[in-house]
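Just below is one structure, and these are the notes that go with it.
Residue numbers start from 1 in every chain, and the chains themselves are labelled A, B, ... in the order their sequence lines are given, proteins ahead of strands.
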Amino acid sequence: MEFSEHIKTANVEDVVLQQPLHPPSKGTLCITGHHLLFSDREEKSCRQVLLLLRNIDAVEKRTTESSGTIIIKCKDLRVLQLDIPGMEQCLNIAQSIETLSSLNCVAEMYPFFYRPSNASLQDHWGLSTPERHYTEMEELHERWRLSTVNQDYSVCPSYPPAVIVPKAINDDALKKVAKFRQGGRFPVLCYYHRKNGMVILRSGQPLTGANRKRCMEDELLLQTVIGDSGKGYIIDTRSAQQAQQARMMGGGFESKSFYSNWKRLHRHMERGKTLQESLIKLVDAYGDKSPNMDRWLSKLENSKWMSHVQTALSTAGLLAECVERDGHSVLVHGSEGTDATLLISTLAQLIMDPSCRSLEGFLRLLEREFVQAGHPFQQRCSHSAFSHARLQQECPMFLLLLDCVWQLWCQFPLALGFSEALLLRLATEAYASNYGTFLCNSEMERCALQVKDKTHCLFRALLNPRESEQYTNPLYEPNELAIWPSVHPQSLQLWRGYFLRWTQQTRHLELVQEEIRNMVIEWEKLPLS
Amino acid sequence: MEHIRTPKVENVRLLDRSKGQRKASVGTLYLSATHSMFIENHPETRKETWVLHSMVSSVERLPTTPTGSQLILRCKDFRIFQLLLQQEKDCLDLHTSLLRLSRPEKYSELYCLSFNPNINKEERQESWSFIDLMADYKRMGVPNNLWVASAANSEYRICETYPSELFIPKSASPTVILGSSKFRSRGRFPALSYFHQDTLAAVCRCSQPLSGFSGRCQEDEAMLQAVMKSNPGSVYIYVVDTRPKLNAMANRAAGKGYENEDHYTNIKLHFIGIENIHVMRNSQQKMIDVGEMRSPSMTDFLWGLENSGWLKHIKAIIDAGVFIARAVADEGVSVLVHCSDGWDRTAQACSVASVLLDPFYRTIKGMMVLIERDWVSFGHKFSHRYAHLDGDPKEVSPVIDQFLECVWQLSEQFPCAFEFNECFLIAIHTHVYSCHYGTFLGNCQKERKDMRMWKGLYNHTERSTPPCQSPADFLSAMREESLQLEEELTNHQEVAPGGNVHHHPGSRQEDICANREANNLGESSG
């Protein structure tokens, strides 16, 4: 393999590894094409640390004449230190890590080489497909149809091959609408509220531009959704001012005069660079080890991370309120419709729809609303908070989603069927994984690289009975009602389990979860009489 | 009853702001000698809200508007009620009555002295002996050949604010104790708070020395030496001054201060920097203001929290506890803790250290014993700090609130280490302020004893048995409440990180209290 040309020194003996929560240990370090492997040589223990090189966000090195130190900062926020005898070896290792961890060729990534003994590539990939989803939702069939207009990804490169659209709109019309929406993302159904038949649609922004272009098919499509007498809401994840400015760049918003039955609500949500910088500041804030209370809260505030959590939850709450309480259908979009749009439509479904709250239901939701809906994972998760590389398309939108879900989980400890461990696992896997699930930016790219044939599926693996036990919530009691999160600042907390993951304190919290699990198991063993 | 001008007002609108209630409920307000009761008109629910007068911290009357007159009731457990009355006169009467009723002038007006549940004498006697401090000292292994019980303070001869039974180093002679006590603020000489059997190191407490710039006292120096000698094998002790060093130095100008390391051999002085009660009172007020903000942004909230300094203060107290616990458990070195008078910060630091050192204090009963020892018996001024009686507002400060929050913070960090839950801590908090039971009455043991004197007299008047309720009821009451509250809190949002914005439905709780078959008791035992 070509990887070998990047590896000048494959093995080093007598390396001292320091990692959080463990005492330093001495052993052998080994670099392979995808991994960094450390095996401990201490008596009576044979601990191994296997780290995906993809997980490494930044490498820092210090050398003296006879030895060197490499500090490895991971995308899962772990910081490791390697003390390596011999300056040259140290430099070689550091360089290999740097190069190999930043290779960007998807087809050469580890998921394509990962072959666990208990799974076969012939196994079913994914949990569901748009086709199956449509078939299962019989209530939909009267007014909605499954369109395969995007079968060859020519209408919208970021959509899956099949999408759910109003029955009355034919594929030709859809093609015209696609031209009028950014990225070809014409409005598609993403949620049907069984209680009142209202729906959530999502799309890209309309390309009205400076001279207020219209698209009759687009107007018709939306009109069809609400019928003649109905009224609908459009939630635009940008501020009104940003939406205005977008017109100068060819984008825009649905004007009142042409979409008279739709009421636009603007909610400003941060995205892209701002969000990435927020994460960097947050990680920086707790990385400051001085035991001083003074500045911690202002640093936390200054990172604005908690504000983003609050905005996301309250916008999702607004969306759910429109559908569940006011009984109106809603169209959600921002500009591309691949980030904040997906975030709030996912959260709103979690709030309203009990079937999304089981372990499998939640994974299906993520598969449908993030993976298939075209959230560009590859671009967004290529670096995390430690990287020194210049920011490009990175953005912790998925992490923000998981944080918001965790807030829900804290506020409704019985309502969600999955555990915090699942959220942590997903947060790690999105950045570096053995599985192909979060590879690429869209279904089109996945199809081109044959991801579904050549890699294993994370969601499937998580539902494997041997794995899934730790990811279920022992206290889960399915609840038919909507779970309305409180978005008061007092109600929101820092996600300690993730951001303080490598500290002793978090270990104590893990113990609690274990204890709860054992108690529930014991309790279930008791005779009911 | 003479303070009640209007016992009943109809068509009152009540808004429970702390519960985020948006629509006011209409009902009738009744005023009794002990409670304000609001009963909703709604025929189906007829929800009752009871507010104990002693829980009211302020009553504010807003300017009259065409819709009526408004009162805002702020409670010591952070509940806020908004009342709208149609008649201005009713509002004026109610305001005057509540102002008077919420600020009793005499102990005899307090609720615990009129709370008269129905149980027999044996039960109540038994319940007062439920918390037995001597048994706890025995549990720690004292008296032994290092620490002995001292009769020096019997009849509170040396120190009025100390308990009558104390443990002191075996080698400390009466002369040394007397001398040391004269050299310490308010006579609070070094005495044992906690003995750590594993290392034989001890946590002792006292008040600041009256050293000024150059004063010294041989007996006091001998006393500290005796503390060290009671820890075989150790060659020094830590003296932890829990105040900021600057404050301690400033005290020297007033003839007080801290131990001069040149005079005391074998001590290591360590300052922690817990602020005084006035700073803490202001900090809490800022926290409450943050809690009262209408729809604050995340930024407002975090800034408010930061600016209040509350968490910084909590951390300082935990830091003190950690320092003491480390010294005792890891280094095996005894620690002498003091602040100025040795009844606020010292109580906080010593009791946090005990919680860290000894798992017993993490049980329900252990926590009660700990509060009884480090706070009640060692003369923490409950009546002043928690405004049981109308008095100097500058004496009021959330000292035990902070201790309870420290315990809460620890229970958040070590969720499996505590037998009790948050509701238990909240219940203690409520009872510290409510004076529902006699446990937290008065400012020190002596005062409580004296009170019994006139309570005896009080007994001879027409009321047969004025009850001071006992810790055992307190326990059972608390268990019951904990259960109830737990249910309610299940769907209740988690307390803010500050841990200070709690409120729980008063009606339910007061109901339980009112209906409970609890002890009926005249005097404390002994």
Atom CG of B:L246 with >12 non-hydrogen neighbours under 6.0 angstrom: no
Enclosure of A:R78 CZ (heavy-atom neighbours >12, cutoff 6.0 Å): yes
From B:W303 atom CH2 to A:N302 atom CG, the distance as rounded to the nearest 0.5 Å: 7.5 Å
Least distance between heavy atoms, B:G291 atom then A:Q490 atom: O-NE2, 4.2 Å
Separation of B:L302 CG from A:L297 CG (nearest 0.5 Å): 6.5 Å
Over 12 foreign heavy atoms within 6.0 Å of CD, B:E292: yes
Test item: A:H508 and B:P415 side chains (from C-beta on) under 4.5 Å apart, heavy atoms: yes
Pairs involving residues 411-425 of chain A, ordered by first then second residue, that meet salt bridge (charged side-chain N to carboxylate O under 4.0 Å, His left out) (sequence neighbours left out): A:R425-A:E429, A:R425-A:E467
Distance (rounded to the nearest 0.5 Å) between A:S307 OG and B:F301 CZ: 11.5 Å
From B:M298 atom CE to A:M306 atom CE, the distance as rounded to the nearest 0.5 Å: 4.0 Å
Atom pair CD/OG1 of B:Q413 and A:T506 - distance to nearest 0.5 Å: 10.0 Å
Min side-chain heavy-atom separation B:E412-A:R496 under 4.5 Å: yes
B:K245, NZ atom: more than 12 neighbouring heavy atoms under 6.0 Å: no
Between OG1 on residue B:T299 and NZ on residue A:K304, distance to nearest 0.5 Å: 3.5 Å
Proximity breakdown for A:Q310 and chain B, heavy-atom pairs closer than 4.5 Å: side chain
Residue part contacting chain A, namely of B:S297, when any heavy atom lies under 4.5 Å: backbone
Smallest separation among heavy atoms of A:P489 and B:P296, with atom names: CG-O, 3.3 Å
Verdict with reasoning, B:M293 to A:H488, per side-chain contact (heavy atoms from CB on, under 4.5 Å): CA-CA 11 Å; B:M293 273 196 275; A:H488 293 294; over 6 Å; no
